[in-house]
Amino acid sequence: TVDGESVEPDAKQGYYYIDIKNVSAEKLGTSFSVSVNGEEVITNYSALSYANKVLDSDSTDDNLKNLVKALYIYNQNALAYNPA
């Protein structure tokens, strides 16, 4: 589940992943909690949390770092345009 809503995981290259759809630009920093079989496995994680981990890593490809920087700027501009 993601924030209590049931989702079906997909498999790719031996890993399972979930796709959280329709997250608007101003909500890229909104955290989600993920549970598997009732046990919480991810708490307070968002697209911008991922971006932070990417930028903190010395081994991350520069193209990915540039992508998440753009994602952050996109979020900040959306927040300025549509403040909560």
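Nothing here was measured: the structure is a model prediction, and the numbers come from that model.
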Next on the checklist: I need the L64 CG to L71 CG distance, nearest 0.5 Å.
Outcome noted: 10.0 Å

Item to check | Nearest non-hydrogen partners of N44 and S49, listed with the distance | outcome: O-OG, 4.0 Å

Next on the checklist: Going by the rule side-chain hydrogen bond (donor to acceptor under 3.5 Å, both in side chains), which residues pair with T60 if we only count those two or more places apart in sequence or in a different chain?
Outcome noted: S57

Checklist entry - For the residue pair Y45 and Y50, what are the closest heavy atoms and their distance? => result OH-CA, 3.3 Å

Item to check | Co-membership, hydrophobic cluster, residues L48 and L79, 4.5 Å side-chain | outcome: no

Checklist outcome for this item: Taken to the nearest 0.5 Å, the spacing of D62 CG from L67 CG works out to 12.5 Å

Next on the checklist: Please enumerate all residues that pass side-chain contact (heavy atoms from CB on, under 4.5 Å) together with Y74, with sequence neighbours excluded.
Outcome noted: A25, L28

Next on the checklist: Assess the residue pair L55 and V68 against the criterion (side chain to side chain contact (heavy atoms under 4.5 Å, CB included)); give the C-alpha distance rounded to whole Å, side-chain angles, the decisive distance to 0.1 Å, and a yes or no.
Outcome noted: CA-CA 8 Å; L55 294 172; V68 298; 3.8 Å; yes

Checklist entry - Is K53 atom NZ crowded by more than 12 heavy atoms from other residues, nucleotides or ligands, each under 6.0 Å away? => result no

Checklist outcome for this item: For residues 25-37, the side chain to side chain donor-acceptor pair (under 3.5 Å) pairs (sequence neighbours left out) are S24-E26

Item to check | Trace of the side chain to side chain contact (heavy atoms under 4.5 Å, CB included) decision for V7 with T1 | outcome: CA-CA 6 Å; V7 295; T1 62; 5.9 Å; no

Checklist entry - Any side-chain heavy atom of I20 within less than 4.5 Å of one from F32? => result yes

Next on the checklist: Test of understanding: with salt bridge (Lys or Arg N to Asp or Glu O under 4.0 Å), list the residues that count as partners of D56, not counting sequence neighbours.
Outcome noted: none

Checklist outcome for this item: Residue set satisfying side-chain hydrogen bond (donor to acceptor under 3.5 Å, both in side chains) with E40, at least two apart, ordered chain then number -> T43

Checklist entry - Can you pull the side chain to side chain donor-acceptor pair (under 3.5 Å) pairs that have at least one residue in residues 7-17, sequence neighbours excluded? => result none

